[in-house]
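The figures that follow rest on heavy atoms only: side chains count, while hydrogens, waters and symmetry mates do not. Residue numbers start from 1 in every chain, and the chains themselves are labelled A, B, ... in the order their sequence lines are given, proteins ahead of strands.
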Amino acid sequence: MAEKKKLYPLLILLVIGVILMLYGYEKVRGEYGIHIYESSIETFSEPLQNGDVIRTDFVAPDSMKMESVGLLFVDYGNENSGGELLVSVTDQTTGELLGSGLIPVNTVREWEWQDIIFTGKRVSSGDIVEILVTAKDLPDDTVLSLVLSKDAQHPALRISADYWDPFQKLQILFSVIVLGLIVFAYFGLYFRRIRLEYLFLLVFVIMGFLFNLLIPAKLGPDEEAHLNSVYKIAERIEGWEAPADNLSLITEEEKYNGLGVEETGHDYYVTYYGWLAAHSDKSALEPHSFWGSQENPDLTYTPAAIGIVAGRAMHLSAAGIIVCGRIFAFIPVVLLLFYAIKRIPFGKEILFTITMLPTMIQEATTINADGIDIALSFALIAAVLRILYGEKEKWRFLDYGILVFTMLILCRCKYGALVPLCMLPLLIFWKKKAALKGVRDSFRSKEGAEEAILAAVCLVLPVVCILIGFFPLIHTTVHAYGETLWATHYTFSDILHDPLSILYLLASTIYHKMDFYILSLSGTYLGWLNIVLPQYLTITMLFIVLIASLPKASEHNLFPVSRRIMLFVIAFLGIGFAVGGMLIGWTDVGSDFIDGVQGRYFLPFLPLLIFALQPKCIAVSEDGSVQKNAVMASVFMQIWIITALFVRAQS
Amino acid sequence: MITSKFKTVWKKQYTIALIAAIIVVVVFLFADRFIARHMDGTDAFRKMFYLLSALNAAMIAGAFFLLKIKKVRLEYVFLLTAAVLGISFSLLIPPVAAPDESYHLGFVYAEAEKLRGWDTNEYFEDGSVGTQFLRRIESEHGLSQDGINHDYYAALYPRLSEKETTDELVELKYSNNHEVPHFVYVPAALGINLGRMLHLGAVPTFFLGRFLNLLIFLTAGFYSIRRMPFGKELLFAVMLLPMTIQEVNSFSCDSMILSLSVLVISLTMHLAYDPVSLRVRDGKRAGKVDPVVVTDLVLLFFSTFLLSQCKYGALMPMALFPLLILLRKRKNDRILAILAGSVTLADLLAGFLPCIYRTFHSVVLVNTAAPNYAAGFLFTHPKTVFLLIGNTIHRYLDHYVFSTIGTSLGWYQLNIPLHIGILFLAVLFFLLPRGSEDRRMEGKAEKLLVGMICFLGVMTAVGGMLIGNTPATSMEIIGVQGRYFLPFLCPFLLLLIPKRIRITGNADDHMRTVLLFALVLEFTAIMCLFIRAF
């Protein structure tokens, strides 16, 4: 009985999930099915008089059921005149009438679609469907202005059908997959006690693939710029040589494609999925101007470059090649995040729920610098906390390795803006510094020697990283943007000479831009800020992270005040570097706020802020049920997010 | 050594005061600099900015002293803070700028006329257009709900002291109102009449009318917090949300509705959860009827009775609240339980049903030509209903949540940044956990009842707008605003009090700290309203 009772919440979640899926289906399908045909302006632009017949036809694309015919009166001037329009749709191949209907002229309103719903008969692929519109009983002096002038922007005839296009199929498929994930997560969390890192692996990989298909190629944030960097590395892997430094070589297929448009509605997705499925033999090389982002070291772009090379080898289309690159770029991100959740000694749920934010999934699954940067940051945080709080075990050398590896990469990422994270090992140094005081004594035992070496490394490595990262940061900031642009941006000198006005600018930025930071951090603005999710979804996700962050009573003293201050300072510096970088590199003098900052820049520091600010006065139950529920909620929200992404494309 | 000495001298309260003070100072300095960048010199707007900044900063300091040092009871802190915030918001959301305020002002005038005996026409017949008399300065007040910017404020504030000696009357036409009983306009009407008797100009007269509405709310809020058995802090926070403050400071019927709602909630909770009984159990008066309980019951009856007739009967779910007393007291105090049940029944028979009849008569029958959704159509087209609800949630839930909090004040033209709204949500979130010994709703039946009341409250508001306001061509429900859900927010939050998240230290102290930061947020919201003027 108790086991059965545990299933009731799952039942409720599934009912809500199915309702969302059905809602998504109805929205994607449209009010009267999918619009499969819209008349071109030239063929349907005559004014109608009594007895006029307008005729047009189109070739049915696939097996479909005619649902409705819609007419749009763009410039209609005779609202109360009598008469009717008889609309009939015929399958020309068989001569069968598919449907017909009457539009009383006095019901017509300007700019409103007049839909005639048919009973629905199926036509075969390739059949020619003919539409006839006959004006009947119009008063003699009436000209019914179903008019489209030559420069009009809208079609006047629209055919809708119950027709399964790839976008519809994917909506159902994706929703079913996510519902499956919810069931798996529920059983895993409440019945099987699955380890969180394995649940993460499954959910994140699947959601990553779904996002990969829902955020079209080149539409990830800054994806085109990062893609250029990836092309340059791919060029080296291929052994090609560009004729000049400011050029890179790509295939003809990659150069000439329709990717990267900002309008990503239903029709774009249908075309896009067509491209994805296609193959291409256009492998001739084309020079391509190289203006890629150099904010990250080449190593971080290499997986994507390997994916691009693999895509070319498989003769995929341009979209397919980019998706292939994305998949390869996704792998190291997943592995690093898996490591982070597995090895962090506490707060696994915090990392899990952050990784479920739509922004996080998008960053991981598109070609850009942020995905790998965030993953490296989380891995570093996990390694440091593991060494600080974990017990000694054989895996500890993996943690040391990750610590060194992530620091050496991170200090060169984002023009050095992530350098503050490299100060994290100072926490380890502070704890182990005693081993350095009596070095000779320490080296008498294997354990002591290890402690002393660790302390020394944790002291020296941050300094080295600061040197590696910070000086190029200044160098880049000073020289990267060239002299012409330089004159329009803020300078270090401005900051030093008038710190008060910079403080005002900071406050003004908070006032004007904090909404955007919060929403873009949580995932309201996906793609190039053009794929917009409802705010209530992403703010709910943030509150789920907040709930997962509440500590148990036994965890209240994990971070003494000094460590909290250290974590806060690191996070503050990191955010300060990101904002300061944009102040100097991007913001025009006289601007009301610091321009160019996005919420995703703060994601690497989010766990540190949470640990630093965890309240001591609130405690969740020791059985971990609150965190478990937060994890489950973050998985459940994915069905809502997926549905919202599909609905967005339709509206 | 120094650290330990410092620790003994420095108290936790000082840290809280320091953080609050830093935020207040930084926000003020930013707002001041922002205003200075956009205007030269000192005009009435700027003077008002300094005045309200000082007033609100002093209010926060006073609240800190009362909440954290003196630890006085919350209702007294409420009186201070709600009064200051009420006046501040009233000055920043000028008369007729609140939602539907000019519409409600007409009914306030009608009541004012009745009270003064200027009644000349039979103007409350169904569907008819009536006539009323206004002083010329009131009919030509020059106030608007649009274009509220720096220039508007600068012209408005000097008018606060204007006087009018001539009482020239003009005749105005207006339409009838079946939305609420006319009683709800009486306090504002008294204020208007007071202004007329004192020969005040139009603007101060309007502010006086609004102020009397605020006084009623302060009284109701004070009494409600005092009576609330637990969740006082939640009630306090809900009553100080920017949207609540705006509504109680306007001529809108929401002002009285919110005052009555908090009374219904707190009296019900008090009678249901506190160990009170209809008959005194101990002492000299043992066995006799407790006059305090009887007073509360009578107050509860009148409050629910009036509420059940408001908003075309959409607030009837509030009248179901006394059933909570029936549930809780059915074993310990049967007479009290039966009386509470009778209150609901009486509300239903004497208040709700006649109100529904009037609504049906005036809205459904009179507006048969209106191209809105008909109930019959909705019953036969479940798919349309499904899409209507889905579309509305998908498109408008953001708006509902944040307009309940109050990020869009006035007629959506007085905006507070979204992050302030999110912080208000966080305040409500951190007020939810209780200490391990604190009370909360425990029984499933009680939770089910309160949940059902909240659900019904939302559905009546949404359903009313679907039938009364949504054109049949629309696939979204039009016209629902977050403020319609405010009466149900506190009971909903009481339901959410978690079992497995607890306050480990002094729960009362924690709550008071959160409330203090809520007041700091209010200060920030006020500064944002000043900045918005540019």
Side-chain angles (χ1 to χ4, degrees), chain A residues 19-20 22-24 26-27 31 109 112-113 500-501 503-508 510-519 522 524 533-540 542-543 546-547 550-553 556 592 615-629 640 643-644 647-648 651, chain B residues 12 26-27 29-34 36-38 383-384 386-387 389-391 393-402 407 415-423 425-426 429-430 432-436 473 475 498-507 509-511 513-514 524 527-528 531-532:
Chain A
I19 288 173
L20 285 167
L22 292 176
Y23 173 68
E26 283 298 331
K27 287 297 284 182
E31 200 172 344
R109 289 185 212 164
E112 204 170 89
W113 282 99
L500 279 180
S501 76
L503 282 178
Y504 171 79
L505 193 64
L506 269 177
S508 180
I510 291 172
Y511 174 75
H512 285 105
K513 288 290 190 178
M514 187 56 95
D515 296 357
F516 173 70
Y517 296 160
I518 293 174
L519 295 177
S522 54
T524 296
L533 290 178
Q535 293 167 3
Y536 65 84
L537 274 185
T538 54
I539 290 171
T540 305
L542 280 186
F543 272 89
L546 178 67
I547 292 170
L550 296 175
K552 298 170 188 165
H556 276 169
D592 278 342
K616 270 187 170 182
C617 51
I618 294 179
V620 298
S621 55
E622 289 293 327
D623 60 2
S625 55
V626 173
Q627 279 94 345
K628 212 190 282 183
N629 292 346
W640 211 314
T643 304
V647 171
R648 177 211 68 85
S651 51
Chain B
K12 195 183 160 193
V26 168
V27 169
L29 287 176
F30 167 65
D32 184 42
R33 181 95 176 127
F34 188 95
R37 281 191 164 208
H38 288 82
K383 192 173 134 187
T384 307
F386 175 66
L387 281 174
I389 294 172
N391 289 345
I393 291 174
H394 180 73
R395 181 142 181 214
Y396 291 115
L397 195 54
D398 300 346
H399 169 68
Y400 295 163
V401 172
F402 288 105
T407 52
N415 292 322
I416 296 170
L418 189 81
H419 60 268
I420 305 285
I422 295 174
L423 288 174
L425 283 178
F429 174 81
F430 281 111
L432 288 177
R434 315 272 106 187
S436 52
T473 50
M475 283 306 283
K499 258 186 186 176
R500 282 175 255 183
I501 305 176
R502 287 173 189 273
I503 298 167
T504 48
N506 183 339
D509 198 47
H510 162 84
M511 304 275 190
T513 307
V514 178
T524 314
M527 294 295 111
C528 290
I531 290 172
R532 186 215 60 83

How many angstroms lie between [atom1] in [X] and [atom2] in [Y], if you round to the nearest 0.5 Å?
X: C617(A); Y: M511(B); atom1: SG; atom2: CE; result: 10.0 Å
X: K383(B); Y: L22(A); atom1: NZ; atom2: CG; result: 11.0 Å
X: F34(B); Y: D592(A); atom1: CZ; atom2: CG; result: 6.5 Å

Identify which part of [X] has an atom lying under 4.5 Å from any heavy atom of chain A, answering side chain, backbone, both or neither.
X: P433(B); value: side chain
X: I389(B); value: neither
X: N391(B); value: both
X: R37(B); value: side chain
X: Y400(B); value: neither

Item to check | Shortest non-hydrogen contact from I393(B) toward Y536(A) | outcome: O-CE2, 3.5 Å
Item to check | Closest heavy-atom pair and its distance - T504(B), K616(A) | outcome: OG1-O, 3.3 Å
Item to check | Between I618(A), L20(A), V626(A), the one whose heavy-atom pairs under 4.5 Å with chain B are most numerous | outcome: I618(A)
Checklist entry - Between Y504(A), Y517(A), F516(A), which has the largest tally of heavy atom pairs under 4.5 Å with chain B? => result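 Most pairs with chain B among the choices: Y504(A).
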Side chain, backbone, both or neither of [X] within contact of chain B (heavy atoms, under 4.5 Å):
X: L503(A); answer: neither
X: S508(A); answer: both
X: K552(A); answer: neither

Any side-chain heavy-atom pair of [X] and [Y] under 4.5 Å:
X: D515(A); Y: H419(B); value: yes
X: I518(A); Y: I422(B); value: yes
X: F543(A); Y: L425(B); value: yes
X: V401(B); Y: Q535(A); value: no
X: W640(A); Y: H394(B); value: no

Checklist entry - Mind checking whether Y23(A) and F386(B) have parallel, tilted or perpendicular rings, split at 30° and 60°? => result perpendicular
Checklist entry - Should we say atom CZ of R532(B) is surrounded by more than 12 heavy atoms from elsewhere, each under 6.0 Å from it? => result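 Count over threshold, so yes.
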